[in-house]
Each structure stands twice: as structure tokens, then as C-alpha cells.
Amino acid sequence: MAEKEKLTIAVLSGDLERALAAFMLATTGASMGMEVSMFFTFWGLNIIKKNEGGIKSKGLMRKMLNLMNRGGSKRLKLSRLNMFGLGTWMMKRLMKDINMPSIDEFIIMAHQMGVKLVACTTTCGVMGLLPEKDTFRSEVDSLTGAAYFLGEARQSKVTLFI
Amino acid sequence: MAEKEKLTIAVLSGDLERALAAFMLATTGASMGMEVSMFFTFWGLNIIKKNEGGIKSKGLMRKMLNLMNRGGSKRLKLSRLNMFGLGTWMMKRLMKDINMPSIDEFIIMAHQMGVKLVACTTTCGVMGLLPEKDTFRSEVDSLTGAAYFLGEARQSKVTLFI
Amino acid sequence: MAEKEKLTIAVLSGDLERALAAFMLATTGASMGMEVSMFFTFWGLNIIKKNEGGIKSKGLMRKMLNLMNRGGSKRLKLSRLNMFGLGTWMMKRLMKDINMPSIDEFIIMAHQMGVKLVACTTTCGVMGLLPEKDTFRSEVDSLTGAAYFLGEARQSKVTLFI
């Protein structure tokens, strides 16, 4: 059997529009028969953080950072024109209008299509997150470091840094 | 005849400096004999939107979003140090000083060098834009979706996400 | 002897988290036996600018731009949650906590591991910087243009735009 072409996407940004672009490309790639993996790091970890649940990190500073930066797919904002939520709310309305999935739906869809979702362990530390499976949604496949990402990228036909 | 090596650039950002970087690389690639295509999505659509002309989108929300986010190559701003236009104005002055083309000139130049300019149809919807040729400058070659971008990227020697 | 696989990273951003990601990947790549080069452009030039020393650019506007945009590895800020320095300070504390190198240490480490650090001459002009070796830290290997970056990227297994 021929090997599948690989698509590897690093997601550093937690902006709504960049998260959307990443998932549009990941699901499109999967539907084109590519083997897709997404590697979430820094603000990108917000996208795959659990939406509910308290803050379990250790130490005051980590707790504070978590409070300032709640994260979760439902709290993502546009990088521009957020205007205290108005721009983000308008874009979400327009997404519904054209039947574009929400980030939440995109995560579930990508997972079901076999897209691998991976959290960067190294940057969990500086984002005040415990590098444990329990920090993230159930769709997240594994937690690993930069060497894993580069290993995947070396074998990929297309690598994107978003 | 040997096939040309391909360079594919996705432009999600509408920041002045990222638009400049994208066009510098696209025109340099073309002058090096590469086959270049640029795929504009989200804020990147602002770069290739017409500078003049009224707002023709349907529905109140799209009209409002268009008003808030006029777009057009002449309205791009720096992501940092914009300082109510001062930083952007200063950079534009320095661009002239070193004979760097403006974005407007870069678009025309890229088009003349055979760089393909493509608008993402899917994200037109969430940006409040009508996915029609008439929304964009005459240099734009076509409107298409994420599958087209990935198809190009798979055949490319270099793919950049800006 | 087999040729080494190449990793080429363009760094346009001067945000602390993107600079960290770039150096984590560059040093990881080098430790995996890849031949790594980093190409700094626009705000990315701030990362490799000297931390000390006066402003030597010519002309009032360049001097002003330099004053507004001091640069240097020690002045990088987070793109979000900077909160007048609080968020950036907290992340730097957490970096120490988990023994992550500072940007300063990363630059020295990358240089010692053979990572090539290259400054983009073309964008020096629009950032108000003199395109001379003396503008940058001693670890910077050379100053060159976009054609050099694309030439490297064409030969690379992995190219990232950060």
C-alpha cells in the first residue's frame, strides 16, 4: 500500500481566525486523503484546553496566568476588530450563516477524520498549564515536544506554521 | 521542458509588514524562475480588495463588518507601532526612501511577472464579502477554496503561511 | 558523506513567544543533526539587534523609529497579555522555573550549535536600521536579501515562516 502524503500544522496562535484556518486546512487535507497532524503550542494550547473545569495548576503564578488566560475553544477571539467582543460575535454569526462549523465542531470533526491532535509539553510549562492529559479535551491524542513536531515535518509534503 | 519549481504562499494576515514580506518573496521567487501562487484568506483578503467603490455585501451585518473593515491595499497598517497611523506613515516614507514598491505597485508587478493571485471563497463569507470577481482588484486571477491551496502546496518546493 | 537535511526558518515576528518557538525549533533541529538557518526580517530584526549601544541610524525619521522601537533580545514582549509588562514578566519567571533558556541564552546556544543567523538587508531600510554588521549582535553570521532565503528554502526539507 502506498504511503499517505503527510500534512503537519504547528498552531502557535490562539486567535479565532488562525484557529479556523488551521482546522479548515486540516480537515480539507484529511478529506483529500492526507495524513494530518496538528501540533499546538503557546497560545494554540488555548484551543484544545478544556472549556469547563477549574484551574488545577500548581503555584500562585500559574494559577494567576490561568485566570488571565482562561482558554478553551469557546473563548477564542479575533486578533483584530474584536471590539470588546462585537467583531468576534459578528464573525461567529456569519460562520453560522454559511454553515461553517464552530471551532468546537471542527475539533470533533478533525478527530473523527483521524487528524492527530498533539499538545506541546514544553510550552505547557510557560503557559502555566499542567502537562497532563487531563488539562486538555478528550480529542487530544498525545502530549509531546518539539522533536516530535520536527520529526513529523521532515516526513511531510506540506508543513505550515500558523 | 523541465517543470518549474513551485512556491505557494498563503496570506492570512492583513498587516502591512506581512503583506510586504509576502510580495517581496513572491516577486523574488518569480524572478528566480519559480512558479508562484498567492492564496489570500481572512484579513489577507483586505490586501486584494478594491480600494474604491461602495459596499455591496448583502445583509446588515455584512454591511457593518465591511464598514468596520474597509480593506484595500492603501489602508493596511503595521501590526505594532501603528500609533494612530504615525508608525505606518513613517514606514511608508522609509519604503519610498529606499525605492521599495508600495503594496499597490507590488500587486501590479507580481501580476505582470505571472504570480497567480487567488482569493479564498470560503472566508469571503465570514469576512462579509461577496465571493465575486467584482469584490477584488482586476489583478486577482480566481476565487477558490482550501482544497485548491493544499493541492498547490503538495506540488510545491516551498510553502509559506504568512 | 550524506548531505544533512536542511531546516530554514524565517522570523518576521518580534513577539517573545514566536522568538522562543523559533529558537526551540532551531536548536532542536540542530540537535537532531539538521543544518539550520534562521532569516530575521521586519520585527524579527529586533531579536538580533544589539541590546546596548546608542542609535546610529542616519536621518531624523530613522532615529525616531529606532527610539520607538528599541529592540534587542531583552526587550521582547508577549503579543497578548503583556499587560504593561506583567504577563511578559510572569512568562519569563515560568521559563526560569522550568529551566528554559532566555532568548539571549538561546541565541548564544544556537550560534554554538552551528545554526546560521542571517539578517535581512532589505527590511533593515524600512525598520530604520543601518544594514551593517555593527547593528547586530556578534552571533549574527551575515546580512543578505530575500533571494538568499528562497535559495535556502528550495533546498530545505522543512521551511517555517514564523
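The structure displayed is predicted, hence computed values, not measured ones. Residue numbering restarts at 1 for every chain, and letters A, B, ... go by the order of the sequence lines. Below, all heavy atoms of this structure are taken into account, side chains as well, without hydrogens, waters or symmetry copies.
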Given the rule in the side chain to side chain contact (heavy atoms under 4.5 Å, CB included) test, do C/Arg80 and A/Phe42 qualify, once you have shown the distances and angles that lead to the verdict? CA-CA 11 Å; C/Arg80 291 167 57 174; A/Phe42 286 101; over 6 Å; no
Looking at A/Gly125, A/Ala10, A/Gly145, which has the largest count of heavy-atom pairs under 4.5 Å with chain C? A/Gly125
Which heavy atom of [X] sits nearest a heavy atom of [Y], and at what distance?
| X | Y | value |
| --- | --- | --- |
| A/Gly128 | C/Leu94 | N-CD1, 4.0 Å |
| A/Leu12 | C/Ala21 | CD1-CB, 3.6 Å |
| A/Arg154 | C/Lys157 | O-CE, 3.3 Å |
| A/Trp43 | C/Glu17 | NE1-OE2, 2.9 Å |

Taking side chain as C-beta onward, heavy atoms only, is [X] less than 4.5 Å from [Y]?
| X | Y | value |
| --- | --- | --- |
| C/Met24 | A/Thr41 | no |
| A/Ser13 | C/Arg18 | yes |
| C/Leu25 | A/Phe161 | yes |

By a 4.5 Å heavy-atom criterion (distance strictly below it), what part of [X] contacts chain A: side chain, backbone, both, or neither?
| X | value |
| --- | --- |
| C/Ile98 | side chain |
| C/Met100 | side chain |
| C/Glu5 | side chain |

Other residues, nucleotides and ligands only: do more than 12 of their heavy atoms fall within 6.0 Å of NZ on C/Lys77? no
For atom NZ of C/Lys133, is the number of surrounding heavy atoms from other residues, nucleotides or ligands below 6.0 Å larger than 12? yes
Pick one of side chain, backbone, both or neither for A/Thr122, based on which atoms fall under 4.5 Å of a heavy atom in chain C. both
For chain A, which candidate among C/Met91, C/Lys96, C/Met95 shows the most heavy-atom pairs at distances under 4.5 Å? C/Met91
